[in-house]
Asker: 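Could you have a look at this structure, given as structure tokens, before my questions?
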Amino acid sequence: MASLRVYVIRRVLVAIPMIFILLGIVFFIMRVVGDPVSAILGGHAPQEQIERIKEQLGLNKPILFQFFDYLGQLLRGDLGRSLIWGQRPVISEIWDHFPATLELSICAFLVSILVGIFTGIIAATNFGRFFDHAFRLYGIITYGLFIPWIGIMLQLIFGVYLGVLPIGGRIGTLMEPETITGLYVLDSLLTLNMESFISAIRHLILPSLTLGIYLSGIYTRLTRTHLIEVLNKDFIKSAWARGLPKRTVIFKHALKNAFIPILTMMGLQFALLLVGAVLTEITFSWPGMGTLLFERITYRDFTTVQGIIVFFALIVITVSLLVDVIYAYIDPRIRY
Amino acid sequence: MKNLLTIQDLRVYYYLREGAVRAVDGVSFFMKRGETVGLVGESGSGKSTLGLSILKLVSSPGKIVSGKILFNGNDIAGWNEKKMRLLRGSRISMVFQDPMTSLNPLMRIEEHLVETIRTHQKIPKAEAKKKASLLLNEVGIPPERGGDYPHQFSGGMRQRIGIALAIALNPDLLIADEFTSSLDVIVQFQILNLMKKLKASHQMGLIFISHDISLVSEIADRIALMYAGQIVEFAPADIFFSEPLHPYSEGLLNSVPNIELSDQKLNYIPGMPPDLVRPPDGCRFYPRCPYGEDICRRKEPPLVQIEKEHMVKCFRYDGKKSRT
Amino acid sequence: SLQTKPLVLGTTDKITVLDPAKTYDFYTWEVFQNIGEGLLKYKPGTTELIPGIAKSYEVSPDGLEYTFKLREGLKFTDGYPLNAAAVKWSIDRVMKLDLDPSWLVSAFVERVEVVDTYTVKFVLKEPVSFFPALVATTPYTPVSPKSFPEDKVAEPTVGHYGPYRIKKWTRDVQLVLEANPDYYGSPPKSRLFVVKFYKNAATMRLALETGEIDVAWKSLRPIDIRDLKAKGKQKVLEVPGPYIRYIVCRCNKPPFDDVRLRRAIAAAIDRARICQEAYKGTVKPLYSMVPMGMWGHIDAFKQEYGERNLELARKILTEAGYSKDNPFNIEFWYTPTHYGDLEADVAAVIKESLEETGMIKIDLKSAEWATYAAEYLTAGVMPIFLLGWYPDYIDPDDYTSVFLHSEWSPDMGVFYSNPEMDRLLDKARTEIGIEKRTQLYEKIQKLMAEEAPVIPLFQGVLTAATQPNVKGVVLDPVMLLRYYLIYKE
Amino acid sequence: MKYSISRFIVSNIIKNIFPRKGTEYFVLVGFILVLLIILMAIFAPFIAPYDPIKKVGEILERPSGKFLLGTDGLGRDVLSRIIFGARTAVLVTFLAVSISLSFGVLLGLLSGYTGGKFDTVFSLVMDAMYSFPGLILAIVLAAMLGPGILNTAMAIAVIYTPTYFRMVRGLVLSLKESLFVEAARAIGAKDRTIVFKYIFPNVISSIPIVLSLNAADAVLTLAALSFLGLGLPAPTPDWGFDLRAGHAYLASRIWWPSTFPGLMIVILTLGFSLLGEGLNEILNPELRR
Amino acid sequence: MERKVELKVVNLKKYFPVQKSFLERLLSGKIEYVQAVNRISFEVRRGEVFGLVGESGCGKTTTGRLITRLIEPTEGKIIFKGEDVTFIQGERLREFRKYVQIIFQNPYASLNPRMRIGEATAHPLEIHGIATGERKKKMVFEMLEKVGLEPAKKFYDLYPFELSGGQRQRVAIARAMILNPELVVADEPISMIDVSLRAKILELMLMLKEERNLTYVFITHDLAVAKYISDWIGIMYLGEIVEIGRKEQIFSTPYHPYTKALLSAIPVPDPKREKKDIKLKGEVPSSINPPSGCRFHPRCSFAKDKCSNLKPSLKMVDKDHYVACHLY
Ligand SMILES: Nc1ncnc2c1ncn2[C@@H]1O[C@H](COP(=O)(O)OP(=O)(O)OP(=O)(O)O)[C@@H](O)[C@H]1O
Ligand SMILES: Nc1ncnc2c1ncn2[C@@H]1O[C@H](COP(=O)(O)OP(=O)(O)OP(=O)(O)O)[C@@H](O)[C@H]1O
Ligand SMILES: [Mg+2]
Ligand SMILES: [Mg+2]
């Protein structure tokens with residue numbers, strides 16, 4: 001496994017330029033389209049005050065210097081302070097909201113993977129027949145679904161008409177479990193708090209279904225195409241020819257191989273998960289990063305918005321890194 | 001001696017939107033225990049389909065439409081999937097063309113072997129492992145490399161592993177589909193020799209599928225020449241090469257450069273093989289045949305027996321070797 | 001795990017920043033009314049000021065010095081003694097930090113002096129008639145020097161003094177309050193009080209209907225209020241609040257430097273339709289910037305123009321040179337991101353009602369709040385636009401000077417300047433004695449209606465919906481709900 | 001040459017427009033859906049029963065004979081609004097897709113063919129943008145640029161440019177290495193000839209697929225921006241915005257102002273995706289499975 | 001009769017980096033090279049066919065691409081008709097292309113799928129401004145007919161995907177021949193074509209050669225084909241030429257152990273033939289880290305110590321017959 005370790009280290013090194021570029025893009029876009037000073041002061045502030053603020057924020061330096069200042073700040077784990085209200089450190093704003101997003105994303109991800117892979121397998125093993133067409137269509141339709149709309153429809157049905165599930169928030173009043181991970185479901189399990197656990201799950205159902213269904217179509221399609229591709233490979237033919245039972249062939253040989261490209265796509269689709277999470281959060285008043293981003297954009301809280309985007313960027317990079325590493329772990333061919 | 005395998009009037013079609021591709025269309029031949037049949041034909045003539053249909057592994061949209069497949073006297077054409085599964089890999093096994101892709105890239109080769117053995121024989125893992133090492137040794141792979149992954153082997157070695165997998169359970173019949181065509185000549189030569197050796201020691205029947213007629217001549221006892229989904233000539237190898245009867249056999253043999261001959265005059269067969277969805281009404285070779293007559297266009301020639309074990313599908317022969 | 005079931009209040013508002021030196025929004029001020037207390041406070045249900053932390057106070061004859069006698073032996077929730085020194089420290093801190101609400105102190109107070117342990121003196125810059133009202137505002141709320149840093153904003157959950165203390169606060173999710181055992185007054189009616197923060201009014205309404213919350217407060221949507229009333233399962237309480245909405249005309253530049261055009265708009269506007277259609281009757285038409293229910297209010301615009309006078313509007317427009325063929329074209333601005341979802345509807349109704357004259361052509365424009373408020377408004381980009389006002393302190397001054405006085409009106413985008421108006425406003429500020437001031441404000445309102453630099457539209461209605469067994473919800477013009485009075489039967 | 005490509009595409013579409021089998025209905029259905037909505041956009045004033053920005057009935061009337069899909073919170077006809085909303089959707093999508101297409105294809109061709117440092121830097125930047133959650137960038141851009149058709153289209157275009165860039169560049173890279181391009185060089189063709197006669201025609205045939213799949217994404221992104229109030233200024237009829245306005249009436253069991261605009265978003269997206277899927281099958285028969 | 005030397009290759013070398021991009025290099029941490037062609041030298045004379053034979057991956061195609069200047073050599077010289085063309089660029093290179101043409105192995109990939117047969121065949125004429133309009137069309141028709149694509153009028157308007165492999169290869173030949181080149185590099189032109197049709201293509205190529213006094217570098221992995229078509233044969237192994245000679249010499253008296261092994265490994269369509277054995281171990285090693293000394297030594301049963309240290313150079317063993325082996 002030493003070679004795997006070397007690979008991981010190298011892969012991390014490769015991620016570094018990517019980080020720089022992403023941060024650069026974020027930084028320059030924010031600089032080009034937004035003016036932090038007027039966001040702080042309002043447009044009518046006297047010139048000397050503008051200058052003073054500019055100096056305070058280091059905005060009077062050439063833009064490249066600003067960028068390096070900013071990078072330096074980031075290296076120290078400092079995302080700056082919010083421009084509004086309490087001017088809290090952006091990082092604490094993010095940590096307040098991130099667990100909610102994480103919890104939602106994980107659940108939705110699980111839903112989408114389970115539904116997607118299941119339907120994908122059925123479609124692929126029924127290639128050309130009814131279930132194949134049906135689930136292909138499912139894949140296309142779900143991809144075209146508009147998250148807020150699915151959300152609202154689910155809210156209408158389960159929240160308003162049937163009244164069986166909550167349509168907003170993360171957990172019932174005063175039911176928060178003791179904070180360990182920040183994920184309510186996990187924390188309530190760890191503290192054996194059944195009441196909280198049930199409440200957390202109930203609140204999670206509709207948002208994760210919304211996001212999960214939306215994403216599942218992609219996995220249906222991915223699983224289907226890659227499984228069909230793998231099923232046509234010689235080594236699968238050869239596995240049949242050796243008389244291996246269907247279960248072994250499909251799950252052990254085919255699915256595992258099909259999983260490699262699916263995994264890569266999962267890494268790429270991760271961005272979509274985040275996008276979906278933002279919309280889902282706003283539809284379900286889920287107190288996560290998406291809600292935070294939206295709120296702060298309307299208030300022009302420049303640094304927080306930038307911080308959130310940087311944070312997203314880092315997550316995206318981390319995930320693609322993770323995916324590659326898992327990939328290398330699964331696929332012996334990758335290890336150099 | 002009883003036949004190991006007898007195929008009678010087998011038809012395998014692929015059902016596409018454009019119509020049924022008659023990939024195997026009325027094929028009959030037989031082979032005895034321990035014999036090698038060389039199945040030759042150009043690309044698309046239905047060799048692989050025929051090979052796969054013996055294992056009943058033709059993939060959708062392909063279907064065995066009719067015909068008998070008698071293996072050790074039992075018609076397996078009617079067997080269900082469960083029964084076939086027990087047969088596959090243990091009594092009849094198959095080696096595929098591309099050594100690159102016929103092994104699961106995520107599995108160690110030892111696992112491949114152990115898995116196959118334990119599917120058919122209920123023996124403990126350790127014992128299966130021991131068997132696996134023996135097999136690897138037999139095909140010339142150092143057994144200590146059993147823990148490696150397929151991509152760590154060269155093409156020739158992978159093909160050896162493929163063979164080990166195929167002979168793991170001492171099958172009666174081995175179907176080898178173009179299994180040396182992606183190898184270099186020298187390696188091909190080595191593998192071919194290995195195959196001959198194993199065939200003798202394991203008393204296996206072998207169906208050797210290839211488009212390379214020269215290569216087939218090196219190993220086959222009988223030759224079955226396919227053209228457009230049909231066997232046009234079936235003969236003992238030495239007879240086939242010395243006295244080919246079918247015009248196609250003749251043409252084919254003449255179009256292959258032979259390194260032994262100096263100042264060879266090469267020939268070619270004009271035209272192209274027919275579309276298998278709408279094959280010509282009469283003889284399928286008629287459009288390209290230098291001897292074609294009117295009857296060939298109208299009627300499909302029967303597969304006639306010339307001598308005891310020599311059959312040809314051509315109107316020019318009428319149960320005798322002489323032309324009518 | 002909880003012995004007593006808490007009282008749960010839902011709101012779509014949020015705590016912005018839990019520091020009296022920084023917070024400048026109504027909701028957080030409401031929280032400070034409950035976890036903190038000023039030297040003076042309003043008697044619930046009225047605009048009458050009563051003693052808070054101070055037992056009593058005296059004003060010097062020149063109106064420049066206010067001396068407060070504090071209650072003795074009080075402790076902040078972090079254990080630090082609440083005495084004159086702490087009061088001075090808190091006020092000084094607000095002035096020194098110089099943040100958004102600090103002008104409420106620094107514009108009036110010269111300095112604070114500790115007279116003795118429990119006596120503190122405020123020395124004013126000039127006499128201010130409404131200083132006691134100012135003292136009741138949140139920036140004057142004392143906080144503990146032990147928990148608050150002197151030189152920066154902080155949001156500790158201890159170090160306040162009020163009927164409640166904070167048990168747990170999860171930002172944007174919930175605020176859990178429990179009775180403060182050290183409070184001098186009668187303890188809160190509910191020992192445990194939870195505020196749940198909603199992002200979405202529909203969710204809050206459903207929560208009320210499912211019994212998840214006991215009180216829904218700021219702000220249910222009009223449609224929900226209508227529904228709840230119709231269903232009758234919950235109680236709906238309503239009272240006009242001091243929150244007003246109005247149109248601003250940019251008075252220093254064409255076209256609205258022409259008073260006739262402002263008057264035409266004022267005459268043509270259809271307040272009733274806005275209230276009915278956009279707000280489903282949950283708000284009340286307003287004819288003065290001084291809200292109804294406040295002393296001094298007169299229906300100045302109604303007196304000037306009637307409820308609505310299309311004929312008058314057309315007449316004025318014709319005078320100003322416009323006609324059906326040559327309509328008055330104007331960009332009308334609003335912001336969709338600050339005043340709730342209905343803002344676009346309000347704008348649409350305004351457009352229709354003005355265009356009914358047949359001589360006005362409106363081009364609706366919008367900008368999100370930050371640009372709208374921070375850039376366009378003060379830069380005078382928008383010729384005419386919608387705005388809203390929550391008072392800082394409960395006095396007619398807070399509804400007039402800011403818009404009409406030439407010193408402040410540019411900050412509000414009005415750019416109105418009239419020496420006569422300035423004189424009247426200055427006089428009303430310093431005059432002591434309610435009668436005289438009432439007369440002055442009537443004059444001011446009349447002049448405002450004539451000149452129409454700002455055109456009041458409607459006054460917000462405070463609405464709370466509660467479960468039938470909830471008592472003690474006191475809605476008053478101060479607009480700050482006193483949680484400590486609410487309880488369940 | 002132009003003729004040949006279009007003939008190729010058109011003849012294939014015609015061949016497949018009357019499908020015989022399951023999935024081939026995709027392209028037909030997709031085509032019909034998209035066409036219907038485009039027609040709806042063009043002829044909105046003739047189809048819509050009422051003025052979409054005028055109060056024409058009581059507020060929040062249930063669907064009835066008079067108002068087929070009911071009225072919204074301002075008493076405007078929901079049906080008329082979704083018909084006019086098609087204009088917004090079609091126009092913005094068209095603008096966004098055209099902008100990103102032109103930039104993406106041009107840059108992709110250039111970057112892919114020239115290669116070298118320029119290409120390395122450019123494709124790293126595009127990759128970074130591509131891997132970043134697009135909507136989030138769009139939200140920021142839209143918020144900063146302010147509402148308006150062109151601004152919204154720009155915000156959307158920016159995030160989809162990398163898609164075209166990557167596709168075109170990838171194709172160019174593989175085509176550049178392909179044997180027939182090498183063959184062209186062997187007969188002495190100049191770079192310009194190679195790009196325009198050998199590479200571009202092969203790139204262009206893949207564009208319709210990405211284009212329609214992208215249009216689907218663009219519709220969703222526009223809807224999302226409008227839903228967040230960052231799209232077009234009111235009272236422009238806009239599905240996303242109306243969906244959000246309708247969301248407010250949810251708890252009152254008033255479902256029609258939200259259900260229908262949302263359904264339109266889904267239909268248009270579905271139309272584009274089906275079209276893209278179908279085209280994919282037609283134009284890349286080797287991928288057919 | 002000694003013919004004029006048409007093409008001369010001296011110490012030609014081509015190394016490809018394994019890690020192509022900056023990121024790949026960063027990922028693997030090193031730069032390695034595929035030593036595809038390593039210092040090969042040979043001559044081709046006017047009007048003759050030089051057969052370049054070797055197993056897969058030994059660098060035949062690379063050599064072909066080097067000769068036709070499709071890739072830049074790492075080292076060495078290419079001399080065409082006495083002129084050093086190793087580094088010519090621009091107009092001179094385009095001029096060179098008129099005289100030197102290449103036919104590729106894969107007829108399915110060497111034609112632009114979006115270009116009609118007629119256009120494809122005419123394109124060289126346009127590029128070099130040789131003919132336009134009707135004259136061009138006439139020349140194309142003639143050429144198509146010459147390669148057996150009759151009726152030319154019908155094929156002129158077809159797309160490659162409407163053609164079979166054999167027909168496509170004819171188009172490729174037509175395109176290469178239309179400029180009247182002097183030297184044609186044919187890179188396994190028949191390996192992807194059906195057996196029954198191969199002879200036809202070979203015959204066509206021989207006919208054109210006779211007609212135009214062409215020179216061929218004919219690349220193939222099939223010794224039998226090489227024997228059929230070539231005058232000279234060069235045997236390649238792992239990027240190096242191990243033996244060169246006239247055809248008859250190679251087949252009657254092969255020297256190099258590798259050539260011998262190759263010859264005996266080739267299957268012959270004659271079951272009665274007595275099978276020889278070959279004494280050859282293992283498989284072709286990777287060209288990334290090829291063996292030191294003689295690249296063949298790990299597989300050679302005659303290898304001596306010297307073979308693993310010292311690279312043998314081509315030595316003349318007979319007239320016109322050269323071998324790179326320490327045994328001689
Ligand atoms: N899965 C399939 N679906 C449809 N048609 C098929 C399928 N597999 C094979 N065919 C068709 O059946 C015919 C015979 O194919 P087969 O693969 O058996 O030929 P082959 O002789 O093995 O050719 P090759 O030498 O190229 O391997 C061909 O025309 C082929 O196109
Ligand atoms: N562009 C390239 N980049 C990197 N390596 C290359 C490149 N082209 C060829 N190679 C490598 O160079 C070696 C020689 O390749 P080449 O194609 O010349 O062999 P060949 O003799 O033509 O083989 P084949 O018979 O398979 O066509 C091979 O190992 C190949 O992988
Ligand atoms: Mg085959
Ligand atoms: Mg090659």
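Here is how names work: the chains are called A, B, and so on, in the same order as the sequence lines, proteins then strands, and each is numbered from 1. Side chains are part of it too, since the values below use all heavy atoms of this structure and drop only hydrogens, waters and symmetry mates.
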Asker: Check D:Ala251 against C:Ala202 and note the closest heavy-atom contact, atom names and distance.
Answerer: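 So the two residues come closest at CB-O, 3.8 Å.
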Asker: Is it the case that more than 12 heavy atoms not belonging to C:Phe26 sit under 6.0 Å from its CZ atom?
Answerer: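 Above 12, so yes.
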Asker: Measure distances from D:Leu60 to the heavy atoms of chain C and classify the residue's part below 4.5 Å as side chain, backbone, both or neither.
Answerer: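 For D:Leu60, the side chain is the part near chain C, not the backbone.
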Asker: Chain C and chain D: which donor-acceptor pairs fall below 3.5 Å?
Answerer:
residue: C:Arg205; atom: NH1; partner: D:Ala251; partner atom: O; Å: 3.4
residue: C:Arg205; atom: NH1; partner: D:Ser252; partner atom: OG; Å: 2.6
residue: C:Arg205; atom: NH2; partner: D:Ala251; partner atom: O; Å: 3.2
residue: C:Asp224; atom: OD1; partner: D:Ser252; partner atom: OG; Å: 3.3
residue: C:Asp227; atom: OD2; partner: D:Ser252; partner atom: OG; Å: 2.7
residue: C:Lys280; atom: NZ; partner: D:Gly73; partner atom: O; Å: 2.9
residue: C:Tyr334; atom: OH; partner: D:Ala234; partner atom: N; Å: 3.1
residue: C:Tyr334; atom: OH; partner: D:Ala234; partner atom: O; Å: 3.3

Asker: Heavy-atom distances under 4.5 Å only: say whether D:Ala245 touches chain C with side chain, backbone, both or neither.
Answerer: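 Contact with chain C: none, neither part.
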